[in-house]
Visitor: 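I'd like to ask you about the structure that follows.
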Amino acid sequence: MKSKTKAFSSERVYTNRLIVERLRASDFKFFRNITGDPIVWKYFKEYRQKQLKEYFLEEIVEKQSPYNLSLVIRKNDETPIGILSMYFLESGVWLVEYALLEIYRSHGYMTELIEYICTRSEEFLLTFRANTTAINELLFEVPNDNTKSSKLISKISQKLGLHCDISMTSFYNCFKSKTGWTWYRIKL
């Protein structure tokens, strides 16, 4: 299979402890590791529908666009520790999904990154050449048994003084509500 590669070399965001950039074909080994994590595997079932490498190249690397950000989260020493996906829904509204390798959970990395996005959203979107320069809402769909993510989202909205809506049903008709999942909407 021949794969096209996209060059996004200047698209890097730096936080205090992290580097965030687009996933590239060369990140496949890390992607295989994170999708093999039992917690990540549990929630991201779509990875099982195709061969993993084919899925990674065709559905993640090649489908990146100004409307679809598939990012790798690295520590400052370049060690990959997680992934962040953001999907543009409508003007100013982005759906966010993330995962960290188990050994990097509960160290404040996702808090640092999501706070960065909330407080520097324009810079974040401009860095990745997104289709818009505004984030008005971040949406998260969280399994009810993932209490750490629920607490993380609530903590960030409280710390930054942002309004957070919580619902058992989707805020947007384009998504079907699933039993056992909760929607969170942070308004920036």
Visitor: Within a strict 4.5 Å, meaning less than it, do heavy atoms of the N76 and I19 side chains meet?
Guide: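 N76 reaches I19 side chain to side chain.
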
Visitor: Under a 4.5 Å cut-off applied to non-hydrogen side-chain atoms, are T127 and V20 in contact?
Guide: no

Visitor: So do the side chains of E123 and Y116 get within less than 4.5 Å of each other, counting heavy atoms only?
Guide: yes

Visitor: Between the side chain of Q64 and the main-chain N/O of L23, is any donor-acceptor distance below 3.5 Å?
Guide: yes

Visitor: Would you indicate whether the side-chain heavy atoms of I73 and Y104 approach each other to under 4.5 Å?
Guide: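 In short, these two side chains do not touch, never coming nearer than 4.5 Å.
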
Visitor: Is any side-chain heavy atom of N146 less than 4.5 Å from a side-chain heavy atom of W181?
Guide: no

Visitor: Is there a side-chain contact (heavy atoms from CB on, under 4.5 Å) between K148 and R105 once you walk through the steps?
Guide: CA-CA 9 Å; K148 288 185 179 186; R105 295 179 194 138; 5.6 Å; no

Visitor: Checking the side chain of S157 only, and the main-chain atoms of S154 only, is there a donor and an acceptor separated by less than 3.5 Å?
Guide: yes

Visitor: Minimum heavy-atom separation for I135 to M86, with atom names?
Guide: CD1-CE, 4.0 Å

Visitor: Is the side chain of S70 donor-acceptor paired with the backbone N or O of S85 at a distance under 3.5 Å, no angle test?
Guide: no

Visitor: Do any N or O atoms from the side chain of D27 and from the backbone of R24 form a donor-acceptor pair under 3.5 angstrom?
Guide: yes

Visitor: Could you please spell out the steps behind the salt bridge (Lys or Arg N to Asp or Glu O under 4.0 Å) verdict for E78 and R12?
Guide: CA-CA 12 Å; E78 302 282 339; R12 285 186 128 191; 2.8 Å; yes

Visitor: Do I156 and M110 make a side-chain contact, defined as non-hydrogen atoms from C-beta onward lying under 4.5 Å apart?
Guide: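 No, side chains not in contact.
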
Visitor: Restricting to non-hydrogen atoms, name the atom on L101 and the atom on I34 that form the minimum distance, rounded to 0.1 Å.
Guide: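 Minimum heavy-atom separation between L101 and I34: CD2-CA, 3.7 Å.
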
Visitor: On a heavy-atom basis, which atom in R22 and which in V72 lie closest, and how many Å separate them?
Guide: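 In this case the closest contact between R22 and V72 is O-CG1, 4.1 Å.
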
Visitor: Looking at Y109, I'd like to know if the NZ or CZ of R17 sits under 6.0 Å from its six-membered ring centre while staying within 45 degrees of the ring's axis.
Guide: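 Yes, R17 sits over the ring of Y109.
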
Visitor: Between S91 and F88, which heavy-atom pair has the shortest distance, and what is it?
Guide: N-CZ, 3.6 Å

Visitor: Grab the two heavy atoms, one from W94 and one from A134, that are nearest each other, plus how far apart they are.
Guide: NE1-O, 4.0 Å

Visitor: Is it the case that atom OH in Y172 sees more than 12 heavy atoms from other parts of the structure closer than 6.0 Å?
Guide: yes

Visitor: Counting only N and O atoms by type, is there a donor-acceptor contact under 3.5 Å from the side chain of T35 to the main-chain atoms of R32?
Guide: yes

Visitor: Would you name the heavy atoms of C164 and I186 that are closest together and state the gap between them?
Guide: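 Looking at all heavy atoms of both residues, the closest pair is SG-CG1, 4.2 Å.
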
Visitor: Assign the ring pair F28 / F56 to parallel, tilted or perpendicular, where the plane angle (0 to 90°) is split at 30° and 60°.
Guide: tilted

Visitor: I'd like to check E115 versus L160 (side-chain heavy atoms, cut-off strictly below 4.5 Å). Are they in contact?
Guide: yes

Visitor: What verdict does the side-chain contact (heavy atoms from CB on, under 4.5 Å) test give for L89 and F175, after you've listed the backbone C-alpha separation in whole Å, the side-chain angles of each residue and the deciding distance to 0.1 Å?
Guide: CA-CA 10 Å; L89 299 180; F175 298 108; 3.6 Å; yes

Visitor: Which distance, rounded to the nearest 0.5 Å, do you find between the NE2 of H107 and the CD1 of I81?
Guide: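 Those atoms lie 9.0 Å apart.
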
Visitor: Side chain to side chain contact (heavy atoms under 4.5 Å, CB included) with F171: which of E141, R185, E137?
Guide: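 Going through E141, R185, E137 one by one, the side chain to side chain contact (heavy atoms under 4.5 Å, CB included) with F171 is satisfied by R185 alone.
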
Visitor: Could you tell me if Y184 and S149 have a donor-acceptor pair between their side chains, going purely by distance under 3.5 Å?
Guide: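 Judged by distance alone, the side chains do not pair up.
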
Visitor: Do the rings of F140 and Y98 sit parallel, tilted or perpendicular, given the 30° and 60° boundaries?
Guide: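 Correct class here is perpendicular.
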
